[in-house]
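The structure appears below as structure tokens.
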There are 2 protein chains.
Amino acid sequence: MAKTYHHGDLHEQLLNAGELALSEMPVEQVSLREIARRAGVSHAAPKHHFPTLGHLLGEIAARGFRRFVAALDEAAKAAPTQTPEGRLKAMGRAYLHFAEHNAAAYQLMFGQRELMVMTPSLVTSSYAAWTQIVDAASSLVGPARGQAAALHIWSSVHGLSLLKLAGRVPPDLPWSNLEEQQMQMLMAGMSAE
Amino acid sequence: MAKTYHHGDLHEQLLNAGELALSEMPVEQVSLREIARRAGVSHAAPKHHFPTLGHLLGEIAARGFRRFVAALDEAAKAAPTQTPEGRLKAMGRAYLHFAEHNAAAYQLMFGQRELMVMTPSLVTSSYAAWTQIVDAASSLVGPARGQAAALHIWSSVHGLSLLKLAGRVPPDLPWSNLEEQQMQMLMAGMSAE
DNA sequence: TCCCTAATCTTGACAATGTAAAAATAATGA
DNA sequence: TCATTATTTTTACATTGTCAAGATTAGGGA
């Protein structure tokens with residue numbers, strides 16, 4: 001089913017336009033009409049490809065999760081010290097880096113945007129991100145404590161990212177040191193017990 | 001300057017209506033017109049009390065932070081074991097409880113709502129929340145490491161709250177146990193080193 | 001080649017939002 | 001009492017997401 005009707009795969013172009021918009025403006029400003037505008041079509045054109053804005057955003061978020069998983073995976077493989085802890089630290093740093101440099105996308109992926117629809121591909125791709133962290137955590141603390149440890153990692157890094165994005169980290173704190181300290185405490189908490 | 005013009009202190013009533021709305025509907029649906037509607041005035045009436053929706057939301061968030069600080073303070077005072085760790089744990093539990101039972105308010109306070117304005121009272125009340133946690137953390141790990149520890153606590157509990165609110169905590173995990181485990185790892189991470 | 005059907009896109013409309021300006025109303029102060 | 005000022009309402013406008021009706025175009029038979 002090769003698609004080349006009017007615009008040649010508008011479905012794909014809408015996703016691209018959405019991602020581009022998300023990289024250039026805050027998540028709140030990314031509207032259906034804005035995406036359609038960027039794709040060069042009328043404001044109602046997306047209707048036939050995505051029933052609702054929520055579905056379009058859901059697909060964009062799914063793409064984000066795929067990039068996210070890939071970034072963490074790559075970081076783990078490129079970790080300087082190839083131990084469970086070394087890989088986890090590398091993933092943590094990659095996580096913070098991703099959130100900071102893909103702020104709007106990250107906020108869409110994890111945000112409380114009520115209208116975003118849990119598309120099947122969003123479910124699977126976000127679940128893949130979760131299992132990725134569970135696996136990495138399990139290799140450190142064993143499978144029995146894997147999920148709890150993963151939740152702890154995720155909470156910490158997620159919370160830190162959001163506090164930073166929301167500007168709630170006091171600006172007088174030296175960030176570069178802080179990031180390392182946070183990772184340190186995180187690892188210590190899991191290794192203990 | 002006793003205020004009893006038309007509605008008898010509409011300023012206050014708008015804040016009340018806003019808080020009530022926030023307790024009855026998701027944060028995304030709380031609009032200027034909705035708050036005005038609940039206060040029984042026209043949609044443009046708030047203009048003379050709050051120049052913009054962002055200012056009104058900012059004041060509501062400030063109130064939320066005051067309730068938040070009070071709740072954590074009370075929890076610390078009522079902690080069963082009056083040690084730095086005991087108080088911190090009680091505060092952590094109170095934090096999670098507040099976030100869960102004031103979901104919309106919490107999401108407003110910490111959310112990435114772009115339009116919310118950092119009102120002076122919001123700055124001071126949110127800073128009060130921060131120093132409250134720094135103080136509690138300092139009493140456990142000493143003032144030198146207080147800020148870093150506070151950030152770690154905040155990140156973890158904040159992240160956990162948001163993951164739960166966003167429905168990203170896998171539902172097959174037993175929450176009651178998890179909450180305790182998370183606190184355990186959190187404390188272990190700070191106490192180490 | 002022609003034409004019909006179905007997929008795709010545009011146009012126009014509706015209700016809702018935040019904000020601004022103008023008009024109306026009520027309270028204050030002389 | 002009355003003019004001034006503070007407060008609220010009424011209109012209006014530019015946005016937004018979604019829907020329904022058209023117009024347009026592509027595809028596959030004849």
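Side-chain atoms are counted along with the backbone in the values below, which use heavy atoms only and exclude waters and symmetry mates. Here the structure is a predicted model, which is why all the values come from computation and not from measurement.
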For the backbone of [Y] and the side chain of [X], can you confirm whether one donor and one acceptor N or O come within less than 3.5 Å of each other?
| X | Y | value |
| --- | --- | --- |
| Thr119(B) | Leu122(B) | no |
| Glu24(B) | Glu19(B) | no |
| Ser155(B) | His152(B) | no |

Of all residues at least two apart in sequence or in a different chain, which pass the side-chain hydrogen bond (donor to acceptor under 3.5 Å, both in side chains) check with Ser139(A)?
none

Whole-Å gap separating [atom2] ([N]) and [atom1] ([X]):
| X | N | atom1 | atom2 | result |
| --- | --- | --- | --- | --- |
| Leu115(B) | dT19(C) | CG | P | 7 Å |
| Ile35(B) | dT8(D) | CD1 | P | 15 Å |
| His48(A) | dA21(D) | NE2 | C1' | 11 Å |
| Leu10(B) | dT25(C) | CG | P | 19 Å |
| Leu32(A) | dG17(D) | CG | P | 5 Å |
| Glu28(B) | dA16(C) | CD | C1' | 15 Å |

Give a yes/no answer on whether the side chain of Lys47(A) brings an N or O atom under 4.0 Å of OP1 or OP2 in dT18(D).
no

Dump every N/O contact between nucleotides 11-15 of chain D and the protein below 3.5 Å, one line per pair.
residue, atom, partner, partner atom, Å
dT11(D), O4, His43(B), NE2, 2.9

Salt bridge or not for Glu12(B) and Arg63(B), using N-O below 4.0 Å?
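Here Glu12(B) pairs with Arg63(B) in a salt bridge, since their nearest N and O are under 4.0 Å apart.
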
Under a 4.0 Å N-O cut-off, is there an ion pair linking Lys89(A) with Glu179(A)?
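Result for this pair is no, no salt bridge flagged.
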
With sequence neighbours left out, write down each residue that passes ring pair (Phe, Tyr, Trp, His ring centres under 6.0 Å) with His97(B), or none if nothing qualifies.
His101(B)

Kindly state each residue pair satisfying ring-ring contact (aromatic ring centres under 6.0 Å, His included) with at least one member in residues 57-88 of chain B, sequence neighbours excluded.
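Residue pairs passing ring-ring contact (aromatic ring centres under 6.0 Å, His included), neighbours aside: Phe65(B)-Phe110(B), Phe68(B)-Tyr95(B), Phe68(B)-Phe98(B).
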
Which of dT9(D), dC9(C), dG18(C) is nearest the side chain of Ala45(A)? It is dC9(C)

Residues that Arg37(A) engages under salt bridge (charged side-chain N to carboxylate O under 4.0 Å, His left out), provided they are two or more places apart:
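So Arg37(A) forms a salt bridge (charged side-chain N to carboxylate O under 4.0 Å, His left out) with Glu34(A).
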
Quick one, which residues of residues 49-61 of chain B touch DNA chain C with a heavy atom under 4.0 Å?
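Per residue number, the list reads Thr52(B), Leu53(B).
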
